[in-house]
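First up is the structure itself, then whatever we jot down about it.
Heavy atoms only: backbone and side chains are in, while hydrogens, waters and symmetry mates are out.
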Amino acid sequence: MDWGRAKTILILSFLLLNVVLGFQLSTSRTELLELGVNPDSQVMEELQQLLKLKNIQVPADIPKEKQKLKEIVARFDDYHEVERPIPVPTPFKFDPLINKGTFTDMLAKTGIPNTDSYQFDPVTSDTSTFVFHQLYGSLPMFEAQLKLFEKDGMVTSYQQGYVRIMSEGTQPEQSVISPYIALRSLVENYLEPGTVITGVRLGYHGQLYNSQTLYMVPTWRISLGNGDLYWVHAINGAVEPPQRIRPAS
């Protein structure tokens with residue numbers, strides 16, 4: 001099988017699906033505007049009704065800014081070893097509460113390369129593994145991670161995936177759907193009554209097509225109190241099956 005040709009066909013199929021679904025979503029929003037209805041206001045009202053009906057809790061800090069984004073293609077740097085932990089030159093203590101706001105200065109002293117490119121993620125971290133995501137602009141690339149491993153109260157090793165952006169998608173930038181649209185879809189079609197939603201984060205999420213190349217699309221990551229993560233495509237609204245990051249607490 002010609003894997004290069006198969007990969008190209010798969011990427012083109014994703015792009016075509018994004019265009020079609022994005023056009024459908026844009027058309028429905030345009031129709032509402034022509035009727036004098038604010039789509040976001042209507043979605044928020046419908047979401048509030050669903051939350052009340054199913055007794056589902058959401059965080060207060062839901063993002064409100066509107067952005068235009070596009071797909072990106074990235075490649076893992078050969079220099080970085082992703083598969084196994086690497087000992088840190090000098091073990092150090094890391095406390096997310098104490099070190100909050102000083103991550104960059106602290107990590108710069110560890111000897112780990114490119115630490116200023118990452119942002120701490122409390123959602124996927126636990127008491128012995130601290131997870132950071134590499135940023136593209138101000139948004140995290142969820143598959144490009146720096147992990148710090150703690151043993152006996154000290155960080156003794158790390159695991160790093162660092163990517164370089166190869167290109168942006170051929171499609172023009174598109175307005176991302178609001179987080180309220182993503183939440184409404186989940187609450188209405190996927191979540192059980194009584195679910196607790198703990199976080200809503202916009203970033204880039206995608207598939208690894210070979211050992212190094214990532215094709216990533218703008219995505220809303222919605223985290224639940226039971227340890228599940230939902231990924232909602234931020235252009236066309238498609239929902240992936242949930243990913244369990246840790247056992248329910």
Side-chain angles (χ1 to χ4, degrees), residues 7 71-167 198-199 201-224 226-231 240-249:
K7 180 176 70 175
E71 299 91 350
I72 58 175
V73 179
R75 183 180 178 84
F76 280 105
D77 196 320
D78 292 333
Y79 177 78
H80 296 289
E81 176 62 66
V82 181
E83 297 181 355
R84 62 179 178 81
I86 302 172
V88 297
T90 303
F92 61 94
K93 187 173 181 59
F94 179 79
D95 187 325
L97 296 178
I98 296 176
N99 297 123
K100 186 176 182 181
T102 62
F103 293 142
T104 301
D105 293 339
M106 186 206 67
L107 291 177
K109 301 174 183 177
T110 64
I112 302 172
N114 300 306
T115 53
D116 59 342
S117 300
Y118 295 86
Q119 182 181 70
F120 180 63
D121 180 22
V123 170
T124 53
S125 299
D126 57 35
T127 56
S128 61
T129 304
F130 306 109
V131 180
F132 297 73
H133 297 298
Q134 186 180 342
L135 297 177
Y136 180 60
S138 61
L139 299 178
M141 296 181 286
F142 294 113
E143 278 69 43
Q145 298 182 343
L146 167 64
K147 296 181 179 180
L148 305 180
F149 299 106
E150 185 181 84
K151 182 178 181 181
D152 299 327
M154 302 290 285
V155 173
T156 58
S157 61
Y158 70 97
Q159 195 173 45
Q160 185 174 27
Y162 181 81
V163 300
R164 300 187 186 277
I165 304 302
M166 298 172 60
S167 67
T198 57
R201 184 73 168 102
L202 180 63
Y204 292 94
H205 165 66
Q207 301 292 328
L208 190 65
Y209 284 105
N210 52 45
S211 61
Q212 291 184 303
T213 303
L214 273 170
Y215 170 71
M216 294 180 284
V217 299
T219 304
W220 286 106
R221 187 192 70 179
I222 299 175
S223 52
L224 307 185
N226 68 355
D228 282 354
L229 294 179
Y230 275 91
W231 306 95
E240 292 185 16
Q243 173 190 354
R244 176 59 59 91
I245 56 171
R246 59 177 174 268
S249 55

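For the atom pair CD of Q243 and CG of D228, the computed distance is 9.0 Å after rounding to the nearest 0.5 Å. Interatomic distance, Y215 OH to S167 OG, rounded to the nearest 0.5 Å: 10.0 Å. Atom OH of Y118 and atom CG of L148 lie 10.5 Å apart (nearest 0.5 Å). We find the CD1-OG1 distance between I86 and T156 to be 12.5 Å, quoted to the nearest 0.5 Å. Within the model, atoms CD of Q159 and CG of L146 stand 9.5 Å from one another, a figure rounded to the nearest 0.5 Å. Atom OH of Y230 and atom OG1 of T219 lie 15.5 Å apart (nearest 0.5 Å).
For Q212, the side-chain hydrogen bond (donor to acceptor under 3.5 Å, both in side chains) criterion is met by R75, D78, not counting sequence neighbours. Taking the side-chain hydrogen bond (donor to acceptor under 3.5 Å, both in side chains) definition, one finds that S223 meets it with T198, sequence neighbours left out. L208 pairs by the side-chain contact (heavy atoms from CB on, under 4.5 Å) definition with F76, L214, not counting sequence neighbours. Looking at residues two or more places apart in sequence or on another chain, you find a ring-ring contact (aromatic ring centres under 6.0 Å, His included) between F132 and F94, F103, F120.
Nearest heavy-atom pair, V155 versus V88, reported as atom, atom and distance to 0.1 Å: O-CG2, 3.5 Å. R201 approaches P140 most closely through the heavy-atom pair NH2-CD, 3.3 Å. Taking each heavy atom of M216 and A74 in turn, the nearest pair found is CE-CB, 3.7 Å. Summarising the geometry of F130 relative to T127, their closest heavy-atom pair is CZ-O, 4.1 Å, with the distance given to 0.1 Å. A pairwise comparison of heavy atoms in P89 and G111 identifies CG-CA, 4.5 Å as the closest pair.
Contacts classified as salt bridge (Lys or Arg N to Asp or Glu O under 4.0 Å) and involving residues 106-121 (residues at least two apart or in different chains) are given here: D121-R221. Evaluation of the side chain to side chain donor-acceptor pair (under 3.5 Å) test over residues 137-153, restricted to residues two or more places apart or in two chains, returns E143-H205.
Of the candidates F142, Y204, Y162, F142 is the only one forming a ring-ring contact (aromatic ring centres under 6.0 Å, His included) with H133.
Under a 3.5 Å cut-off, the side chain of T129 and the backbone N or O of D126 do not form any donor-acceptor pair.
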